[in-house]
Amino acid sequence: MGIPGLLPQLKRIQKQVSLKKYMYQTLAIDGYAWLHRASCACAFELVMNKPTNKYLQFFIKRLQLLKRLKIKPYIVFDGDSLFVKNHTETRRRKKRLENEMIAKKLWSAGNRYNAMEYFQKSVDITPEMAKCIIDYCKLHSIPYIVAPFEADPQMVYLEKMGLIQGIISEDSDLLVFGCKTLITKLNDQGKALEISKDDFSALPENFPLGELSEQQFRNLVCLAGCDYTSGIWKVGVVTAMKIVKRYSEMKDILIQIERTEKLCFSKAFKQQVEFANYAFQYQRVFCPLSNQITTLNNIPKAVTNSHAEIIKIMKCIGSVVERGSGVRKDVINTKNIDHKVHEMIAKGELHPVDMASKLINRERKLKARKLFKVSLLGGESNSFNKKVEQPLVDTQDVLSERENSLDNKNASSIYMTSPAAISGTVPSIF
DNA sequence: GGCATAAGGTACAT
DNA sequence: TCTCACCTTATGCC
């Protein structure tokens, strides 16, 4: 995940800060990163499909910290996975399943201590878990958004639009997407490390990131390896820096590498680099001001004139639902996108992967299933209908313990965003 | 000696 | 059916 070895190179410009610095400001939060950290504490329940409120409590604890510091959170969740990342996703899924099998074997053999380790490695963070957090956010008027695809470009878009003043995440990819202020290593005391893009120029000579253009930076991470490319064997960020400083064009870099015998790259690499460049620049995001799907950066006019290139771009930035047909495809013209469907995905009402079914809170789903089983096992003859039709109090009763300490009135006044107060143009493909 | 890569510990909560 | 691990240290290569 991210760019291996990049953050250590940026140590010189990492500033230790207290989040107090951001008082009265809004910070984006990578929702899946927090979910993932929280999942350690309830790995067994998550894998075995048992109800748990621990991951929600992790969020509540952290949100309370932000509230004490008078910082407005804006939680951003991942949506669907990108076509260009499919190979990494399938690999991860396979690994998770392997770990799950080991965990269950150890568990049934009575080796519960060791089983837990594998349960933690086999946890799958799902949109249904995100929905559990979303229900809490709704209850407390905390702004949130489900990105159409990755949370990273979505958060950078929010920053670009002036809706947030910094991004809390551990992912170094954000810098490649163009994040200005990255806040990492946040602890329970509100201390964190801040990395500002403006400080790149202060980096030492062996890693002069400030001297690179954005394109050169993208080339660097493609060579060293990122979420979209496998990288080149024996090339880390430092070697990649030397290469991009020497040849500014990727095609020259690849020609040189092919000439030397020391380095080599796979057939797929060239295409990975092309895809990565598109995904880093033009990935689809949702604009909460216009309530429409757009792209992180505008696709330049010169590019849109080339039909072949625009087709390729569409493949890399994520397919969307077409207006009228309701079919999911690579829609070129923004006007032909079903923005209403995507608005419902952004609000967590529709499932971000199938883009059709209703997204249901994990805990609510499990509760409904349990009630269903109880009725099947011979409760009262009409108990099923009676129980299922009742509104299920999901997060609310799960939360009851901590709830009292949160002041609802204040929450809603602090957390409301005012889109009218934000000016700026909304980029679109055409 | 600098760099890339592999391996092992820790995370989370109570 | 449906989405993320990270950091430090050790080792080995050029």
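Only a predicted model underlies this, so the values are computations on that prediction, with no experimental measurement involved. Protein chains get the first letters and strands the later ones, always in sequence-line order, with residue 1 at the start of each.
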Ignoring the backbone of [X], work out which of [options] is nearest its side chain.
{"X": "A/Phe58", "options": "B/dA13, C/dT3, B/dA4", "answer": "B/dA13"}
{"X": "A/His36", "options": "B/dA4, C/dA5, C/dT3", "answer": "C/dA5"}
{"X": "A/Val238", "options": "B/dC12, B/dA4, C/dT3", "answer": "B/dA4"}
{"X": "A/Trp233", "options": "B/dC3, B/dT5, B/dC12", "answer": "B/dT5"}
{"X": "A/Gln57", "options": "C/dC2, B/dC3, B/dT14", "answer": "B/dT14"}
{"X": "A/Lys11", "options": "C/dT8, C/dT3, C/dA5", "answer": "C/dT8"}

Would you say the side-chain atoms of [X] and [Y] include a donor-acceptor pair closer than 3.5 Å?
{"X": "A/Glu363", "Y": "A/Tyr55", "value": "yes"}
{"X": "A/Gln256", "Y": "A/Arg246", "value": "no"}
{"X": "A/Glu309", "Y": "A/Tyr278", "value": "yes"}

With sugar-phosphate meaning primed atoms plus P, OP1 and OP2, does [X] contact a base, only sugar-phosphate, or nothing at under 4.0 Å between heavy atoms?
{"X": "A/Gly5", "result": "nothing"}
{"X": "A/Thr239", "result": "sugar-phosphate"}
{"X": "A/Ala33", "result": "base"}
{"X": "A/Val237", "result": "sugar-phosphate"}

Any donor-acceptor pair under 3.5 Å between the side chain of A/Gln120 and the base of B/dA11?
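By the distance-only test, yes, there is a pair.
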Find the distance between CH2 (A/Trp34) and CG (A/Leu63) and round it off to the nearest 0.5 Å.
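It is 5.5 Å, given to the nearest 0.5 Å.
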Distance in Å, A/Phe59 CZ paired with A/Cys137 SG, rounded so as to fall on 0.5 Å steps
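Output value for this atom pair is 7.5 Å.
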Specify the separation, in whole Å, of atom [atom1] of [X] and atom [atom2] of [N].
{"X": "A/Lys61", "N": "B/dA11", "atom1": "NZ", "atom2": "P", "result": "13 Å"}
{"X": "A/Glu117", "N": "B/dC12", "atom1": "CD", "atom2": "P", "result": "16 Å"}
{"X": "A/Leu6", "N": "B/dA4", "atom1": "CG", "atom2": "C1'", "result": "15 Å"}
{"X": "A/Ile360", "N": "C/dT1", "atom1": "CD1", "atom2": "P", "result": "15 Å"}
{"X": "A/Phe44", "N": "B/dT14", "atom1": "CZ", "atom2": "P", "result": "18 Å"}
{"X": "A/Gln9", "N": "B/dC3", "atom1": "CD", "atom2": "P", "result": "7 Å"}
{"X": "A/Arg37", "N": "C/dA5", "atom1": "CZ", "atom2": "P", "result": "14 Å"}
{"X": "A/Phe59", "N": "B/dA13", "atom1": "CZ", "atom2": "P", "result": "12 Å"}

Would you say the ring centroid of A/Tyr74 lies under 6.0 angstrom from that of A/Tyr144?
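Aromatic pair excluded; centres sit 6.0 Å or further apart.
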Nearest-nucleotide 5' precedence on DNA chain C, A/Lys185 against A/Trp34:
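The 5'-side residue here is A/Trp34.
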Would you kindly compare A/Thr126 and A/Lys234 by the position of their nearest DNA chain C nucleotide and give the one closer to the 5′ end?
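The residue whose closest nucleotide sits nearer the 5' end is A/Thr126.
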With C1' as the reference atom in both, quote the distance from C/dT8 to B/dA11 in angstrom, rounded to an integer.
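These two C1' atoms come out 14 Å apart once rounded.
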